[in-house]
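Everything below concerns the one structure shown next.
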Amino acid sequence: MAMTLAERFLRNPYQSYVYAYPHKTAYRILPEPIALDAAWASEPRDAGFLYVHIPFCEMRCGFCNLFTRARPQAELITAYLSTLERQAVRVREAIGPMHYARRAIGGGTPTYLDPPALHRIFDVMEHTMGARAGIPTSAETSPETATRERLGVLRERGVDRISIGVQSFLDTEAKDLLRPQRATIVRGALERIRAAQFPILNIDLMYGIPGQTHVSFEANLRAALEYHPEEIYLYPLYVRARTGLDRRGGMDPDDTRLSLYRHGCAFLASAGYERISMRMFRARRAPSLGGPVYCCQTDGMVGLGCGARSYTTRLHYSDEYAVGARGVQEILEAYVARSDASFSSTDYGFVLNDREQRRRFVILSLLADGLDARAYTARFGSDAEQDFPELAELVANALAERLMAGHRLTRAGIDLSDAIGPWLASAEVRSRMALYVLR
């Protein structure tokens with residue numbers, strides 16, 4: 001007897017994390033460069049997202065496949081900041097005035113930069129790009145770099161949500177992740193973050209670490225709750241190509257990630273946290289940051305810095321992508337060598353036709369808070385379920401439910417988001433991703 005869709009997903013529940021669509025490995029060199037003023041000409045300007053990428057870290061963890069360089073030379077950091085400032089001037093000239101609803105600094109580890117450099121980043125965001133303080137602002141940090149001085153800059157410049165990648169409070173588990181981290185350093189960082197009074201603290205934790213048990217995973221959750229985080233993100237361990245764990249040799253063959261995850265979900269629910277998506281859990285007491293409404297399905301993102309992605313309705317673009325130290329270094333060197341004029345256009349990305357725009361809307365909505373059928377029809381002039389019979393198949397397998405307002409994943413469907421997301425990708429995107437040669 002043939003397996004049902006749900007049974008297929010349960011056999012391989014962890015395929016890929018779909019946090020954007022299409023994935024960056026589907027990007028390619030464009031047939032011709034596209035001028036940014038043309039790409040942004042018809043885009044809405046009332047609720048943009050400004051993202052600045054800092055591709056530097058004090059170390060590269062064994063699981064990390066982000067675009068980042070560990071322990072860069074001081075000369076590269078100086079050149080990078082100067083280039084980012086040059087880029088911002090040209091991007092602002094090209095896209096024109098934008099009212100930003102959100103802004104964020106990620107990486108890498110933004111707090112790898114010293115306080116004066118952090119101030120330079122905020123000056124670019126506010127004075128060059130026009131993304132003023134007072135809108136919801138997020139920044140990432142790490143236990144080693146969350147110093148009192150750096151946190152003070154973030155708070156002074158309007159950061160109201162700070163996210164720290166802890167992964168594990170247990171030194172043995174951190175070691176298994178090839179992350180030379182001590183629990184005493186982690187706890188000191190969290191104490192400083194709470195003392196700085198950021199309205200929202202997010203703690204990232206990881207499950208599926210070799211040797212991890214329900215007991216040790218729960219110990220991590222209990223340790224995190226000591227700091228009363230407003231948000232907790234639970235990430236499954238993936239061993240991706242060209243990472244340290246990949247070079248060491250793969251996962252424990254006894255994959256208990258789904259069991260650990262479900263245990264974590266139940267524990268956090270009992271502690272007063274609501275599951276917002278597969279990864280995100282928010283305390284019911286968490287404040288709302290307010291500000292203009294930003295919707296990733298319809299509003300654009302302006303990315304600055306090497307490794308940042310930008311989104312318009314039809315065009316997603318960025319620099320090239322690499323994980324290996326040599327590949328990252330080569331791309332960074334090419335970035336800092338770019339002329340001012342080159343930042344007025346892009347030659348690398350993915351052009352979304354009408355079908356891919358519809359698919360992106362469905363995937364990002366469904367994996368978040370649900371697909372609004374009326375919003376889909378208002379934008380595309382058709383019915384989502386007729387356009388995508390996959391929705392009916394998810395409903396038939398009890399992985400999604402059909403509501404008056406549209407579709408949303410069931411509890412079982414949310415558990416399997418990392419299988420459902422890749423399954424919904426188009427054949428072209430899957431093909432491009434499979435053929436991508438990772439540097």
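Position 1 is the first residue of the sequence, and the numbers go up from there.
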Query - Derivation of the salt bridge (Lys or Arg N to Asp or Glu O under 4.0 Å) call for Arg92 and Glu85 - result: CA-CA 11 Å; Arg92 175 62 187 267; Glu85 290 169 336; over 6 Å; no
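- Checking side-chain atoms of Arg150 against main-chain N and O of Leu113 turns up a donor-acceptor pair under 3.5 Å.
- For the salt bridge (Lys or Arg N to Asp or Glu O under 4.0 Å) with Asp319, the qualifying choice from Arg309, Arg338, Arg439 is Arg338, the only one to do so.
- Judged by distance alone, with hydrogens and angles left aside, the side-chain atoms of Tyr80 form a donor-acceptor pair with the main-chain N or O of Cys306 at under 3.5 Å.
- Side chain of Thr243 to main chain of Val239: no donor-acceptor pair is present (N/O by atom type, distance under 3.5 Å, no hydrogens or angles).
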Requested in this report: Let me see the working for Arg71 and Phe56 under side-chain contact (heavy atoms from CB on, under 4.5 Å), right down to the final yes or no.
Outcome: CA-CA 7 Å; Arg71 300 175 299 278; Phe56 306 125; over 6 Å; no
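- Remark: the Tyr335 side chain and the Gln87 side chain contain an N/O donor-acceptor pair separated by less than 3.5 Å.
- Counted by atom type alone, Thr145 and Glu58 present zero donor-acceptor pairs between their side chains at under 3.5 Å.
- With rounding to the nearest 0.5 angstrom, the CZ atom of Arg262 is 13.5 Å from the CZ atom of Arg257.
- For the ring pair (Phe, Tyr, Trp, His ring centres under 6.0 Å) criterion with Tyr207, the lone passing option out of Phe63, Tyr261, Tyr235 is Tyr261.
- When side chains are defined from C-beta on, Ile162 does not count as touching Asn202, because their heavy atoms never get closer than 4.5 Å.
- The closest donor-acceptor contact from the side chain of Arg155 to the backbone of Val159 lies under 3.5 Å.
- The local environment of CZ in Arg284 is crowded, with over 12 non-hydrogen atoms from other residues, nucleotides or ligands closer than 6.0 Å.
- Atom CZ of Arg285 sits in a crowded spot, with more than 12 heavy atoms from other residues, nucleotides or ligands closer than 6.0 Å.
- To the nearest 0.5 Å, atom CG of residue Leu245 and atom CG of residue Leu178 are 4.5 Å apart.
- For the pair Pro55 and Arg69, the minimum side-chain heavy-atom distance is 4.5 Å or more.
- Separation of atoms CG (Leu81) and CG (Leu76) is listed at 9.5 Å; rounding is to 0.5 Å.
- Under the 4.0 Å criterion applied to side-chain N and carboxylate O atoms, Arg103 and Glu126 are assigned as salt-bridge partners.
- A donor-acceptor contact shorter than 3.5 Å is absent between the side chain of Asn65 and the backbone of Arg240.
- By the 4.5 Å heavy-atom criterion applied to side chains, Pro13 and Asp415 are not counted as neighbours.
- The existence of a salt bridge linking Asp171 and Arg182 is excluded, since no basic side-chain nitrogen approaches an acidic carboxylate oxygen closer than 4.0 Å.
- Val124 places none of its side-chain heavy atoms less than 4.5 Å from the side chain of Arg120.
- Note that CG of Leu118 is 8.0 Å distant from CD1 of Ile54, once rounded to the nearest 0.5 Å.
- The shortest side-chain heavy-atom distance between Met98 and Met129 does not fall under the 4.5 Å cut-off.
- Residue Phe198 comes nearest to Ile193 through the heavy atom pair CD1-O, 3.6 Å, listed as atom of the first residue, atom of the second, then distance.
- A donor atom on one side chain and an acceptor atom on the other are found under 3.5 Å apart for Tyr227 and Arg187.
- Partners of Tyr436 under the side chain to side chain contact (heavy atoms under 4.5 Å, CB included) rule, at least two apart in sequence or in another chain, are Thr25, Arg28, Tyr321, Tyr348, Leu438.
- When the shell of 6.0 Å around CG of Leu435 is examined, it contains more than 12 heavy atoms from other residues, nucleotides or ligands.
- No side-chain donor from either of Asp255 and Tyr14 sits under 3.5 Å from a side-chain acceptor of the other.
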Query - Stepwise salt bridge (Lys or Arg N to Asp or Glu O under 4.0 Å) check, Glu231 with Arg161 - result: CA-CA 10 Å; Glu231 296 174 4; Arg161 178 185 181 274; 2.8 Å; yes
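- No donor-acceptor pair under 3.5 Å is formed between the side chain of Ser431 and the backbone N or O of Ala427.
- In terms of the salt bridge (charged side-chain N to carboxylate O under 4.0 Å, His left out) criterion, residue partners of Arg408 (sequence neighbours excluded) are, by chain and number, Glu401.
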Requested in this report: Verify side chain to side chain donor-acceptor pair (under 3.5 Å) between Thr313 and Gln357, making sure each step is shown before the conclusion.
Outcome: CA-CA 7 Å; Thr313 302; Gln357 291 175 40; 5.7 Å; no
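- In this structure, CG on Asp204 lies 9.0 Å from CD1 on Ile164, to the nearest 0.5 angstrom.
- Closest of all the heavy-atom pairs between Leu367 and Ser277 is O-CB, 3.8 Å.
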Report task. Could you please spell out the steps behind the salt bridge (Lys or Arg N to Asp or Glu O under 4.0 Å) verdict for Glu218 and Arg222? Result -> CA-CA 6 Å; Glu218 186 172 313; Arg222 291 184 183 278; 2.7 Å; yes
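- Side-chain contact between Phe217 and Leu234: present, with at least one pair of heavy atoms (C-beta onward) separated by less than 4.5 Å.
- A salt bridge does not link Arg360 with Glu356: none of the charged nitrogens is closer than 4.0 Å to a carboxylate oxygen.
- Between Tyr311 and Tyr317, the distance separating the two ring centers is not shorter than 6.0 angstrom.
- Few gaps surround CZ on Arg132; more than 12 heavy atoms of other groups in view lie less than 6.0 Å from it.
- Shown are Cys57, Pro72, Ser142; of these, the side-chain contact (heavy atoms from CB on, under 4.5 Å) with Tyr112 is made only by Pro72.
- Minimum interatomic distance between Pro143 and Gly165 (heavy atoms only, all atoms of both residues): CD-O, 3.6 Å.
- Between Phe350 and His316, the ring centre distance reaches or exceeds 6.0 Å.
- Residues Leu391 and Val395 have side chains not in contact (no heavy-atom distance under 4.5 Å, counting atoms from C-beta outward).
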Requested in this report: Given salt bridge (Lys or Arg N to Asp or Glu O under 4.0 Å), test Arg179 with Glu144 step by step and report yes or no.
Outcome: CA-CA 11 Å; Arg179 182 182 176 96; Glu144 292 283 351; over 6 Å; no
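- With hydrogens and angles disregarded, a donor-acceptor distance shorter than 3.5 Å links the side chain of Ser168 to the backbone of Leu170.
- Counting only distance, with no hydrogens or angles, the side chain of Ser365 and the backbone of Leu371 share no donor-acceptor pair below 3.5 Å.
- His23 and Tyr21 share no donor-acceptor pair across their side chains, judged by distance under 3.5 Å alone.
- Under 3.5 Å, the side chains of Ser259 and His214 contain a donor-acceptor pair of N or O atoms.
- For the pair Asp123 and Arg157, the salt-bridge criterion is met [side-chain N within less than 4.0 Å of a carboxylate O].
- In terms of modelled atom types and a separation under 3.5 Å, the side chain of Glu333 and the main chain of Glu330 share no donor-acceptor contact.
- Between Asp369 and Ile276, every side-chain heavy-atom pair lies at or beyond the 4.5 Å cut-off.
- Atom CG of residue Leu154 and atom CD1 of residue Ile121 lie 11.5 Å apart, to the nearest 0.5 angstrom.
- When atom types are taken as modelled, the side chain of Thr312 and the backbone of Trp40 share no donor-acceptor pair closer than 3.5 angstrom.
- Side-chain N/O atoms of Glu173 and Asn220 include a donor and acceptor closer than 3.5 Å.
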